[in-house]
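What follows is a short report on a single structure.
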Amino acid sequence: MPATTTELAKQYRPADVEGEILARWDDANAFHADESAGGNPFAVVIPPPNVTAALHMGHALNNTLQDILVRWHRMMGDNTMWMPGTDHAGIATQTVVDKRLQVEGQPALKDYKRIEAEGGNGREQFIDKVQQWKDEYEARITDQLVKMGCSCDWDRQRFTMDDVCAKAVREAFFQLFKDGLIYRGKRLVNWDPVTQTALADDEVEMETVDGHFWYMKYPVVEERDQGTEGSSDQGSEQSLDGSMARSLGRFVDTGEFVTVATTRPETMLGDTAVAVNPDDPERAKFIGRNVRLPIVNRIIPVVGDDYVVKPDPESKDEKARFASGFLKVTPAHDPNDWEIGQRHDLSVINVMAPDASISKDHGWSDWDDTPRDEFCEILLGMDRYEAREAIVTWFREQGLLDDVRPYSHSVGHSYRSHVPVEPYLSDQWYVKVTDERLAGAALRAMVADQRSDSDGPIWRDGEEERHGGTEARRHEESDGDGAGAGDVNARRQPSAGFEGEGDPGALRFYPARYAKTFQSWHENIRDWCISRQLWWGHRIPVWTAKINTRSRWLDVSKMGLNRPTPFGIVVAQLTKLFDWSDDADEAITWDQSIPTGTSRKDRQAGVDESCPTVIRICSRDPRVDELLTEFAKQLQDSERGIPIHSKFQQLAECVTCIERDPDVLDTWFSSALWPISTLGWPDEENNAALQTWNPSNVLCTAREIITLWVSRMVMFNTYFRGCLPFTDVFIHAMIQDGEGQKMSKSLGNGVDPLDIIHSHGSDAMRFTLAEMTTHTQDVRMPVDVVCPHTGEAFHPKMITNKAGFRVAAPVQKCPTDGNKKFVTGYGVASGEAKATDEMPQARNTSSRFDYGRNFANKLWNATRFALSHLEERHEGTEARRDEGSGVGGSLVDRWILTRTADVIAQTDDALAKYDFHRYAHTLYQFIWNDVCDWYIEAIKPTVKGDAGQRRVLATVLDVCLRLLHPSMPFITEKLWEHLQASAPERGVDGLPCEPSELLSHAAWPRADVALRDEAAEDQFERARTVVTMIREVRAENKVPPREKVEVSIKLDAELADMLRKSEAAFTTLANITIVAMGPDVAKPEHAAVVVRPLAEVYLHQQFDAEAERDRLTKRLAEVEKNVKALSGRLNNKGYTEKAPEKLVQETRDKLAEAESEAAKLRDRLGGL
RNA sequence: GGGCGAUUAGCUCAGUUGGCUAGAGCGCUUCGUUUACACCGAAGAGGCCACAGGUUCGAGUCCUGUAUCGCCCACCA
């Protein structure tokens, strides 16, 4: 295509270029990777953005950095694949959609829940609504990524809930279940009593609340028929038993009291112990005794637990100042108490209904067994805060309230309903990540030099005991395989990519400090709750069947089965139906359910392990779900007398009821599989993509996600494939606003990348983001607004909002026309202002991106200049390499080539270390200062007639475009097209420039060491110094820049010779005519003088005594200061004796030079 | 409460094993529209490197402590 500089606008206009370049890449399917292509594999998986919202600046940063790495490796010839996709983001998306439905006045979640409860398909209907949202935002996110220039393999785009990923999720769940690493257990969840759902931890907002500490007295009791002393030993054991409480009559108050301190008196109804610190000298003696819980009259033990803070009124620790030393233990309503309960095997008594009112019907297991006061019944049905008032009043009236002290503390609130969350006991699914095979494997995955061994053994014994994985352990034992890590690896299929870099033990963090976060997380990890009471997500593939206890054993032998268990019967039936033949073990597994009481005693009550009443079935075969759905329906129908289909009859004899688990999996479960699910795992056979690109090479992410995501990917990838998900983890900074606040939707300070692309262009955004990326944690980006009336960008008027954040005032005035107004992102987000036709919403922008925009424009114009000269080769001055002056023969040419070679090396080094700042900064300085300010200026007088020089120019430009392409893909691709047309022959010895249709596919530059020319660098440096001297004296003497002046220069012969060789360049740069130059040049009359060690420059006919005296005096002061510092250093004996000789010699040389210059300056001053 | 980071020019930030006469971009001052670029060029001004101790011949850089800001984790006695 004919391309001439006339086509290039005087200014770079991104909007004119970006669309066209995107189309070219698209036409060429430029970023599609072929797994069979060979070469070093290089893979990156995108951290899949949530489909909750459009991308913001943090995503722009994250994806820019990935794209830089990906484009770099693609150009280096690696088999490069960047996997794009999005995350379904369970609760966040469900909530956002629910909110939108509410705002739009449409049926919302609660309506669909009602439909579902009434037997309709509310669940499906609601999921459809979420699906619509997902489609909309997935498209929007993809559009944003495309417009940012992300070179993802769009043919492979995935979504965490698409079929491919769902298959992986199901398989992973099945395997973990089968291996005893998934279990069902009780846990306190963050319960929102208003919306009546569990909340994830990150959906809980901490707010400081002014409350009180109440000090309540519990009477100490002892058994009547024993002495007053030493009754404790057997009492504590037995008091756990409900039968003990029934015989309260055996206990009498001793008249002693213990005083517990609490911020939540209402939970005392559920107390099952009082704890004291065993090291507490005053109170430890109570351990083993019992107290009577007032109101309820439950007899509860005093236990010793070092969690309890010892009281100390002088302590810095607020808790110690407020503590009474006795801690009431309410396992059902406090997470810490739950832990204490686990340690001491305490009963768990839940005294609240899901709406957080006091209730006896949700786990108040000893309601009928305690001789409670009548007052207890009055409390039933009260809201938790009413109950608090009532209970405090009761204690006061009974004289049992010791004290009340004001106390402010932080309390978790629901981000949805804004009420305090209630820790609430419920059944949940867990992954036993505390297992050696998971957390242990994650620790072993770390590269040795980043792992600190400070905290004893990597794996601590007895961990699972503390975190309550009892059921899972039992299962493991019953399976009898007790699979250790070696076992796991043994049955994994080894794959081509497993050796070397991807081996466990190769995981490395950049910057290294984040390895610590990773390590300590795994050393203190708790089992992972993976069930969520939501609709949007991967549904848990488990069916719960109730066993017909009457018939279950009778017919087993007659049925001819070799599995005399209810599970065996189910399997036998399903095997027949699905023709699994001998592979049933591979297709289906089960978990004998234990009634989910919470103390060991509860669990044991009435449970005969050989005769479970309920089994949980998990299958890796999705067809089972369809079949069991049908079966479940038939079972229901059969209650209405409809006969069961013959194929289900045998099943129906042993199963009375079956239903699918209603919960979905935590979003992070599918995210944890992302590196393998996207590549088609679990299919290993003939799956070249998986073999090639797993492990991938680097994960780029923000640090907040190390625990949530990185950890789990490492554990799962290691467990399922025996290799790492990636070898490098690069953690980049978080972008804050100009006030140092996190960017967030609610503050309206988030910036849409498309807004920046609109105001500055994609390349400018990317390059600036790269330049901002240092190895610190956070970077600030002041946010400006663009007046929608005039397009003017300015810093908005800020206010402090109610929560104390600095935000843009909701309504702003146009800076040029005060009558026109507009609203800001904060105004809209906070609901304080609404966008209208007269008052539209402003786009955000930031002047930070001027840096990249100006640089893009500089590159654009430098290229325009270069191309206008390169085209002239058509006019008959056809160049052959090494002809005439020779390629790179002149000093400036040799200099720019050696600089180019140096910059290539620096660029490689920076990128290899994920040092994006240095990458961008190096190129910025090189292109702007070296290429534009010096090289191009220097060659202006000669380039037209010097074909060799044009070759160098074309080569340097070529290399600049290649090096810059990863960060500025659009402008460089566009300019590449023109360069191809104007100068198809490029490259010099030692720096080949192989042609390529697309710059995206061009080879990464590689320079021969022979191109390095230290002499040229040194010589050019001296020439540059002389030019700068001349410019300085010109400016001081107010010589207009365009005026050519006559100059004589006194310098040594070698330098004079060199400058004469490059005279055209030299005189152009300084805009001078040389009158005389050499060691013997004398100062002419009426000449201005500038003196440096290197040379003395005389500006003819510019003598101005005053300016001269000023300049020389000023310089002399500087030099004298320097002399003083240098000689001071040399006079220090310690320095000359201990510092390296080379350094000392350098100092001596510098001093000599400075002294010589000082002498000359004094001489000149004397001559004035 | 535990952990991590930051504090360097008016602003946003570099400064890699201690050797610094401390740098960049923006902003500011002076000059300038010579045909690549005013999103530009030339020349300049501007810093007790948060504070206090220590190690060292030598500290922006290493150690200890203090202050302020930010982030992550934990946290309802």
Side-chain angles (χ1 to χ4, degrees), chain A residues 5 8 10-12 206 209 211 213-215 260-264 267 275 308-309 317-319 322-329 333-337 407 409-412 420-423 513-514 516-517 520-521 524 703-704 706-707 733-734 736 738 740-742 760 764 771-772 774-782 847-848 850-851 853-869 913 915 917-918 921 924-925 932-933 936-937 1028 1031-1032 1034-1036 1038-1042 1071 1118 1121-1122 1125-1126 1129 1132-1140 1143 1146-1147 1150 1154:
Chain A
T5 52
L8 295 178
K10 199 173 169 187
Q11 268 192 350
Y12 174 54
M206 300 312 291
V209 168
F213 246 106
W214 284 277
Y215 295 79
V260 299
T262 182
T263 57
R264 298 200 54 199
T267 63
V308 181
V309 174
D317 179 11
E318 197 178 27
K319 245 180 201 167
F322 280 87
S324 72
F326 294 100
L327 175 67
K328 63 190 272 308
V329 182
H333 294 281
D334 182 293
N336 294 307
D337 292 7
Y407 182 66
H409 57 149
S410 71
V411 175
V421 299
E422 185 64 36
R513 71 182 110 95
Y514 293 110
K516 197 173 170 181
T517 310
S520 66
W521 168 258
N524 300 298
R703 68 187 174 285
E704 58 184 353
I706 291 174
T707 54
M734 312 251 299
Q736 302 174 334
Q741 305 164 137
K742 203 167 171 175
H760 289 79
E771 201 271 346
M772 281 165 68
T774 64
H775 283 184
T776 51
Q777 295 200 131
D778 309 305
V779 290
R780 285 190 185 196
M781 200 187 84
S847 57
R848 283 297 296 268
D850 293 355
Y851 180 82
R853 183 198 57 193
N854 296 353
F855 182 54
N857 191 56
K858 189 74 181 175
L859 176 73
W860 182 262
N861 277 293
T863 308
R864 282 178 66 216
F865 169 83
L867 294 180
S868 70
H869 288 83
K913 291 175 178 157
D915 193 344
H917 168 81
R918 193 153 57 89
H921 194 247
Y924 184 98
Q925 299 287 344
C932 293
D933 291 346
I936 287 183
E937 293 305 323
T1028 305
R1031 286 175 176 175
E1032 193 182 314
R1034 287 177 62 119
E1036 299 238 347
K1038 310 254 188 250
V1039 182
R1042 61 187 303 185
N1071 198 20
E1118 276 173 33
K1121 191 181 151 199
N1122 200 8
L1126 290 167
R1129 199 179 303 169
N1132 182 340
K1133 250 190 185 171
Y1135 179 69
T1136 48
E1137 281 166 14
K1138 294 191 183 173
L1143 197 70
E1146 229 175 82
T1147 312
K1150 275 188 198 162

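If you're wondering where the values come from, they're calculated on a predicted model, not measured in any experiment.
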Distance, rounded to the nearest Å, where [X] contributes [atom1] and [N] contributes [atom2]:
X	N	atom1	atom2	value
A:H760	B:rG25	NE2	P	17 Å
A:K1121	B:rC20	NZ	P	16 Å
A:H921	B:rA14	NE2	C1'	7 Å
A:K1133	B:rG58	NZ	P	15 Å
A:W521	B:rA74	CH2	C1'	11 Å
A:E1146	B:rG19	CD	P	12 Å
A:Y924	B:rG23	OH	C1'	14 Å
A:Q736	B:rC71	CD	P	6 Å

Base, sugar-phosphate, or nothing for [X], non-hydrogen atoms under 4.0 angstrom?
X	answer
A:Y851	sugar-phosphate
A:D915	nothing
A:R918	nothing
A:K328	nothing

Notebook entry, point to check: Of the options A:R918, A:Q925, A:H917, which is the one that meets A:H921 in a side-chain hydrogen bond (donor to acceptor under 3.5 Å, both in side chains)?
Noted result: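 Answer after filtering A:R918, A:Q925, A:H917: A:Q925.
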
Next item on the list: Could you tell me whether the side chains of A:D850 and A:H760 share a donor-acceptor contact shorter than 3.5 Å?
Entry: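 Per modelled atom types, A:D850 and A:H760 side chains form a pair under 3.5 Å.
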
Checklist line | Side-chain donor-acceptor contact under 3.5 Å, A:T1147 with A:Y1135 | finding: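 Yes, a side-chain donor-acceptor pair sits under 3.5 Å.
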
[X] (side chain) donor-acceptor with [Y] (main chain) under 3.5 angstrom:
X	Y	answer
A:R1129	A:T1136	no
A:N861	A:R864	no
A:N857	A:Y12	yes

Item checked: Toward the 5' end of RNA chain B, by each residue's nearest nucleotide, A:K1150 or A:K913 ->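 Taking each residue's closest nucleotide, the earlier one in sequence belongs to A:K913.
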
Notebook entry, point to check: Mapping A:N1132 and A:E1118 to their closest nucleotides on RNA chain B, which lands nearer the 5' end?
Noted result: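 Result of the comparison: A:E1118.
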
Spacing of the [atom1] atoms in [M] and [N] (rounded, Å):
N	M	atom1	value
B:rG3	B:rU16	P	26 Å
B:rC37	B:rA22	P	37 Å
B:rG41	B:rG19	P	32 Å
B:rC49	B:rU7	C1'	10 Å
B:rG60	B:rG18	C1'	10 Å
B:rA59	B:rG54	C1'	11 Å
B:rG46	B:rC26	C1'	14 Å
B:rC28	B:rG65	P	44 Å

Notebook entry, point to check: Going from CG on A:N1071 to CZ on A:R1034, what distance comes out if it is rounded to the nearest 0.5 angstrom?
Noted result: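 It is 5.0 Å, given to the nearest 0.5 Å.
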
Checklist line | A:D778 side, atom CG; A:R780 side, atom CZ - distance, nearest 0.5 Å | finding: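 It comes to 9.0 Å.
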
Margin query: Would you say that A:E422 contacts A:H333 through its side chain, given a criterion of any heavy-atom pair below 4.5 Å between the two side chains?
Written below: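 Yes, their side chains come closer than 4.5 Å.
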
Note to self: Is the shortest side-chain heavy-atom distance between A:V779 and A:M781 below 4.5 Å?
What the structure shows: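 Counting from C-beta outward, A:V779 and A:M781 never come under 4.5 Å.
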
I'd like a table of atom pairs between the protein and nucleotides 34-43 of chain B - only N or O on both sides, under 3.5 Å - with the distance next to each one.
{"from": "B:rA36", "atom 1": "OP1", "to": "A:K940", "atom 2": "NZ", "distance (Å)": "3.3"}
{"from": "B:rA36", "atom 1": "O2'", "to": "A:N861", "atom 2": "OD1", "distance (Å)": "2.8"}
{"from": "B:rA36", "atom 1": "O2'", "to": "A:R864", "atom 2": "NH1", "distance (Å)": "2.9"}
{"from": "B:rA36", "atom 1": "N7", "to": "A:K940", "atom 2": "NZ", "distance (Å)": "3.3"}
{"from": "B:rA36", "atom 1": "N6", "to": "A:C932", "atom 2": "O", "distance (Å)": "3.4"}
{"from": "B:rA36", "atom 1": "N6", "to": "A:E937", "atom 2": "OE2", "distance (Å)": "2.9"}
{"from": "B:rA36", "atom 1": "N3", "to": "A:N861", "atom 2": "O", "distance (Å)": "3.1"}
{"from": "B:rA36", "atom 1": "N3", "to": "A:A862", "atom 2": "N", "distance (Å)": "3.2"}
{"from": "B:rC37", "atom 1": "O4'", "to": "A:N861", "atom 2": "OD1", "distance (Å)": "3.1"}
{"from": "B:rC37", "atom 1": "O4'", "to": "A:N861", "atom 2": "ND2", "distance (Å)": "3.4"}
{"from": "B:rC37", "atom 1": "O2'", "to": "A:N857", "atom 2": "ND2", "distance (Å)": "3.1"}
{"from": "B:rC37", "atom 1": "O2'", "to": "A:N861", "atom 2": "ND2", "distance (Å)": "3.4"}
{"from": "B:rC37", "atom 1": "O2", "to": "A:K858", "atom 2": "NZ", "distance (Å)": "3.0"}
{"from": "B:rC37", "atom 1": "N3", "to": "A:K858", "atom 2": "NZ", "distance (Å)": "3.0"}
{"from": "B:rC39", "atom 1": "O4'", "to": "A:N854", "atom 2": "OD1", "distance (Å)": "3.2"}
{"from": "B:rC39", "atom 1": "O2'", "to": "A:N857", "atom 2": "ND2", "distance (Å)": "2.7"}
{"from": "B:rC39", "atom 1": "O2", "to": "A:R853", "atom 2": "O", "distance (Å)": "3.2"}
{"from": "B:rC39", "atom 1": "O2", "to": "A:R853", "atom 2": "NE", "distance (Å)": "3.4"}
{"from": "B:rC39", "atom 1": "N4", "to": "A:Q11", "atom 2": "OE1", "distance (Å)": "2.7"}
{"from": "B:rC40", "atom 1": "OP1", "to": "A:N854", "atom 2": "ND2", "distance (Å)": "3.4"}
{"from": "B:rC40", "atom 1": "O3'", "to": "A:K858", "atom 2": "NZ", "distance (Å)": "3.1"}
{"from": "B:rG41", "atom 1": "OP1", "to": "A:K858", "atom 2": "NZ", "distance (Å)": "3.0"}
{"from": "B:rG41", "atom 1": "OP1", "to": "A:W928", "atom 2": "NE1", "distance (Å)": "2.4"}

Note to self: Below 30° counts as parallel, above 60° as perpendicular, anything between as tilted: where do the rings of A:Y851 and A:Y924 land?
What the structure shows: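 Answer is parallel, since the angle falls under 30°.
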
Check: Do the rings of A:H869 and A:F865 sit parallel, tilted or perpendicular, given the 30° and 60° boundaries?
Finding: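 Correct class here is tilted.
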
Sub-3.5 Å pairs of nitrogen or oxygen atoms, protein against nucleotides 10-13 of chain B:
{"from": "B:rU12", "atom 1": "O2'", "to": "A:R848", "atom 2": "NE", "distance (Å)": "3.3"}
{"from": "B:rU12", "atom 1": "O2'", "to": "A:R848", "atom 2": "NH1", "distance (Å)": "2.1"}
{"from": "B:rU12", "atom 1": "O2'", "to": "A:R848", "atom 2": "NH2", "distance (Å)": "3.0"}
{"from": "B:rC13", "atom 1": "OP1", "to": "A:R780", "atom 2": "N", "distance (Å)": "2.5"}

Item checked: Nearest atoms (heavy-atom pairs only) where A:V260 meets A:L327 ->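 Residues A:V260 and A:L327, closest heavy atoms: CG1-C, 4.3 Å.
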
Next item on the list: Can you run through RNA chain B from 5' to 3' and write each base as (, ), [, ], | or . depending on how it pairs? Watson-Crick or G-U wobble, both distances under 3.5 Å.
Entry: (((((((..((((.....[...)))).(((((.......))))).....(((((..]....))))))))))))....

